[in-house]
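Step one of this worksheet: look at the structure below.
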Amino acid sequence: MSVKGVHGSEFRRRRKFYDIQKALTKEPPDVATLRRMAISEGGLLTDQIRCQVWPKLLNVNVEDLTPAPGPELRVDNKDYQQVLLDVRRSLRRFPPGMPLSEREDLQEQLIDIILQVLSQNSQLHYYQGYHDIVVTFLLVVGSRLATALVEKLSTHHLRDFMDPTMDNTKHILNYLMPIIDLVNPNLHDFMQRAEVGTIFALSWLITWFGHVLSDFRHVVRLYDFFLACHPLMPIYFAAVIVLHRQEEVLECECDMASVHHLLSKIPQDLPYEVLISRAGDLFVQFPPSELSKEASQQHQAERIAASTFKDFELASTQQHPDTVLRRRFRDHVHPELGAKSVLTKPRTNRLMKLAVMGLTVALGAAALAVVKSALDWAPKFELQIFP
């Protein structure tokens with residue numbers, strides 16, 4: 001990169017830092033700007049900033065955190081043994097070179113966070129991979145704040161994954177193939193002939209890619225993006241990964257084992273910023289409401305996370321009035337342009353619309369319609385999901 005390019009990059013970074021701090025110090029905080037900063041290139045920049053912004057994105061009051069639990073939390077806890085096993089297997093999720101004593105202490109904190117959230121929300125059921133999400137919050141914000149953030153996330157964005165059965169999780173996975181079909185029908189048809197289904201993306205979805213990405217910087221960048229967006233955004237990101245690898249897929253043998261093996265291994269050198277931008281574009285162009293119409297082959301089934309997202313985001317508007325965001329949106333988007341032309345609009349307009357879809361269901365935007373139907377679920381394959 002040239003000297004001029006380095007200086008330009010540093011200027012943009014400083015400007016973003018200034019914009020974030022300005023949004024945080026407003027009363028009430030400018031959540032729309034914080035969402036836009038989390039979505040835009042580079043995300044929230046540092047873990048120190050994430051400690052300030054993630055609570056605002058999840059509408060968590062940092063002044064009213066639950067006290068740390070006592071040892072009685074683990075006594076006769078039905079989830080303790082399974083959580084303990086999963087946490088013991090999570091060594092690679094901690095920074096390399098971390099002293100053993102520090103890692104073991106964090107693992108104990110990780111167990112307590114999970115058990116505390118579950119004990120306070122009896123409707124939630126632990127699933128394998130949940131610890132991969134919780135450990136990310138623990139490493140970024142510490143145990144007490146992580147507990148509050150994970151609890152809010154578990155009762156909203158992750159709610160579908162925490163049912164007694166996997167029915168809602170399967171339904172969400174069913175949105176993967178329609179997105180691919182709308183963008184690349186040839187790739188979709190090839191995958192259908194291979195009968196690969198969508199099980200390869202299960203661990204991506206239910207861990208927010210934390211289980212499959214080795215670089216922690218990439219994980220927290222995706223969390224910035226997902227926390228600022230609709231609960232279904234991870235399935236759009238899964239789709240753009242598959243679309244990005246279309247040449248590799250089409251060169252595969254057209255059988256389930258070969259395609260599954262290829263797709264289940266995510267390359268670690270993906271162009272994350274490009275894919276994040278593409279996922280946002282696809283969400284705006286093909287919102288869940290449109291995909292649900294395509295998915296009307298099955299009975300109507302309301303998705304919990306998508307529907308409770310309305311109440312969650314309406315609560316967020318207490319921090320930033322709808323009317324302000326509505327006015328900003330009108331200033332940037334020409335009303336005569338239809339939804340199908342969003343990919344040709346300037347980038348700033350796309351970010352503004354993503355901020356709208358992330359903040360205000362009250363605006364009635366199509367991108368935030370509740371998902372009420374799903375596609376046929378692919379056959380169940382006995383495949384290793386968590387290696």
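Here the structure is a predicted model, which is why all the values come from computation and not from measurement.
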Look at the side chain of S90 and the backbone N and O of R93, then say whether any donor-acceptor pair between them is shorter than 3.5 Å. no

Above 12 or not: heavy atoms from other molecules or residues under 6.0 Å from CD of Q21? yes

Any Lys/Arg nitrogen of D30 or K22 sitting under 4.0 Å from an Asp/Glu carboxylate oxygen of the other? no

Examine L250 and L263 and state if one hydrophobic cluster contains both, with Ile, Leu, Val, Met, Phe, Trp and Tyr joined whenever side-chain heavy atoms are less than 4.5 Å apart. yes

When you check the side-chain N and O atoms of Q268 and D215, is any donor under 3.5 Å from an acceptor? no

Verify the neighbour count for atom CD of E253: are there more than 12 heavy atoms of other residues, nucleotides or ligands below 6.0 Å? no

In terms of side-chain heavy atoms, does T66 have a donor or acceptor partner in R144 at a distance below 3.5 Å? no

Evaluate whether atom CZ of F190 has more than 12 neighbouring non-hydrogen atoms of other residues, nucleotides or ligands under 6.0 angstrom away. yes

Do the rings of F237 and F209 sit parallel, tilted or perpendicular, given the 30° and 60° boundaries? perpendicular

Is the backbone N or O of E273 less than 3.5 Å from a side-chain atom of S277, with the two atoms forming a donor-acceptor pair by type? no

Please determine whether residues V87 and M98 belong to a single hydrophobic cluster, defined as Ile, Leu, Val, Met, Phe, Trp and Tyr linked transitively by side-chain heavy-atom distances below 4.5 Å. yes

Side-chain ion pair, E104 and R88, N-O less than 4.0 Å: no

Any salt bridge between R193 and D189, counting N to O under 4.0 Å? no

Under 3.5 Å, is there a donor-acceptor pair between the T169 and Y127 side chains? no

Find out whether H218 and L270 are in side-chain contact, i.e. whether some heavy atom of one side chain is under 4.5 Å from a heavy atom of the other. no

Taking side chain as C-beta onward, heavy atoms only, is L173 less than 4.5 Å from I235? yes

Is the backbone of E41 close enough, under 3.5 Å, to the side chain of K16 for a donor and an acceptor to pair up by distance? yes

Can you tell me if S40 uses its side chain to pair, donor with acceptor, with the backbone of M37 under 3.5 Å? yes

When you measure from the side chain of T207 to the backbone N and O of H211, does any donor-acceptor pair fall under 3.5 Å? yes

Between H230 and F283, is a ring-ring contact (aromatic ring centres under 6.0 Å, His included) present by the stated rule, with each step listed? CA-CA 9 Å; H230 189 281; F283 189 100; 5.5 Å; yes

Atom CZ of residue position R89 - does it have more than 12 heavy atoms of other residues, nucleotides or ligands inside 6.0 Å? yes

In sequence, state the C-alpha distance, the side-chain angles, and the governing distance for L182 and E290, and then conclude on side chain to side chain contact (heavy atoms under 4.5 Å, CB included). CA-CA 11 Å; L182 287 165; E290 293 188 11; over 6 Å; no

Do you reckon L85 sits in the same ILVMFWY cluster as L115, going by side-chain contacts under 4.5 Å, direct or chained? no

Between S258 (side chain only) and C254 (backbone N and O only), is there a donor and an acceptor less than 3.5 Å apart? no

Using the rule that Ile, Leu, Val, Met, Phe, Trp and Tyr join whenever any side-chain heavy atoms are under 4.5 Å apart, tell me whether I179 and V274 fall into a single cluster. no

Examine distances only and state if a side-chain atom of R245 and a backbone atom of L262 form a donor-acceptor pair shorter than 3.5 Å. yes

Could you check whether any side-chain heavy atom of L153 comes within less than 4.5 Å of a side-chain heavy atom of L149, counting everything from C-beta outward? no

Assess the side chains of Y130 and D86: does a donor N or O sit below 3.5 Å from an acceptor N or O? no

Taking it one step at a time, do R36 and D19 satisfy salt bridge (Lys or Arg N to Asp or Glu O under 4.0 Å)? CA-CA 10 Å; R36 198 161 60 249; D19 289 342; over 6 Å; no

Over 60° means perpendicular and under 30° means parallel, so tell me whether W204 and F200 are parallel, tilted or perpendicular. perpendicular

Can you tell me if NE2 on H261 sees more than 12 non-hydrogen neighbours from other groups inside 6.0 Å? no

R278 side chain vs V240 backbone, donor-acceptor pair below 3.5 Å: no

Going by the ring pair (Phe, Tyr, Trp, His ring centres under 6.0 Å) test, which pairs reach into residues 48-68, not counting sequence neighbours? W54-F137

Distance in Å, L187 CG paired with M191 CE, rounded so as to fall on 0.5 Å steps: 6.0 Å

Once rounded to the nearest 0.5 Å, what's the spacing between atom CG of L291 and atom CE of M177? 12.5 Å

Pick one: which of D224, L34, V140, I39 meets side chain to side chain contact (heavy atoms under 4.5 Å, CB included) with L44? D224

Main chain of M256, side chain of E195: is a donor-acceptor contact present, judged purely on distance under 3.5 Å? no

Salt bridge (Lys or Arg N to Asp or Glu O under 4.0 Å) between K265 and E248, intermediate numbers included: CA-CA 12 Å; K265 308 294 183 183; E248 295 176 80; over 6 Å; no

If we ignore hydrogens and angles and just use 3.5 Å, is the side chain of E151 paired with the main-chain N or O of N121 as donor and acceptor? no

Rounded to the nearest 0.5 angstrom, the CZ-CG distance for R221 and L213 is 13.0 Å

